[in-house]
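Reviewing the structure listed below.
Numbering of ligands and ligand atoms starts at 1, following listing order. Residue numbers start at 1 and run along the sequence shown. Just so it is clear, the values below take in all heavy atoms, side chains as well, and ignore hydrogens, waters and symmetry mates.
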Amino acid sequence: MAFELPDLPYPYDALEPHIDAETMRIHHDLHHGAYVTNANAALEGTDLADASVESVLTNLDSLPEDKRAAVRNNAGGHANHSLFWQIMAPDGGGEPGGALRSAIEDTFGSFEELRTAVNDGGVKRFGSGWTWLVWDGTGLSVYSTPNQDSPILQSDVPLLGIDVWEHAYYLKYQNKRPAYLEAWWNVVNWPEVERRFAEAHN
Ligand code: MN
């Protein structure tokens, strides 16, 4: 079955004032919508036309060479944005708890150090991309990726990712990417990130 654009799990204005309604509408309906349309077009008629997005991203080599870039970008965009809407919430923010918090403290020293590392990855990403907290199979890791490259490409499990494409923040923050990254933590949905961590490492 072809990919479908998932509904936003909250209204467009639910993340105000940190992320404005117009940005959310354009980002979800138009940008994510285009990734879905373009991924489906690129996969049509291939062996992966009915595969899950995870399976598509870990089997790019099985596609005809002339399809790989379009699928990497657009199926990657679909996977990244599907995660992004879920790991934000109107009543978000605060700090992580439970097993995830312990793992963060073991790996990075403190939650504050994790946040600094994630923001740093986003600020230093030249051009468009994402900054991630992932489960790499043995532990937590922070890195950034260019374009719509998903951690799934290297078989990592994305737990939290911040979109640093200009389309994610430009209407409200213009060129101030660091201010957007700072504000983003007010909408992080820790229960969902903790759930993804439990699912990944158990
Ligand atoms: Mn985006």
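The Mn ion (ligand 1) has no N, O or S atom of His32 closer than 2.8 Å. Taking 2.8 Å as the criterion, His81 counts as a coordinating residue of the Mn ion (ligand 1), since one of its N, O or S atoms falls below it.
For Thr58, the side chain to side chain contact (heavy atoms under 4.5 Å, CB included) partners two or more places apart in sequence, or in a different chain, are Ile152, Ser155.
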Distance-only donor-acceptor hits, side chain of residues 117-124, under 3.5 Å, sequence neighbours excluded:
residue: Asn119; atom: OD1; partner: Trp185; partner atom: NE1; Å: 2.8
residue: Asn119; atom: ND2; partner: Glu182; partner atom: OE2; Å: 3.3
residue: Asp120; atom: OD2; partner: Lys124; partner atom: NZ; Å: 2.9

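Residue-level check: among N/O/S atoms of Asp163, OD2 sits closest to the Mn ion (ligand 1).
Aromatic pair Trp190/Phe111: centroids less than 6.0 angstrom apart. Taking the six-membered ring wherever Trp is involved, the centroid distance between the rings of Trp130 and His81 falls below 6.0 Å.
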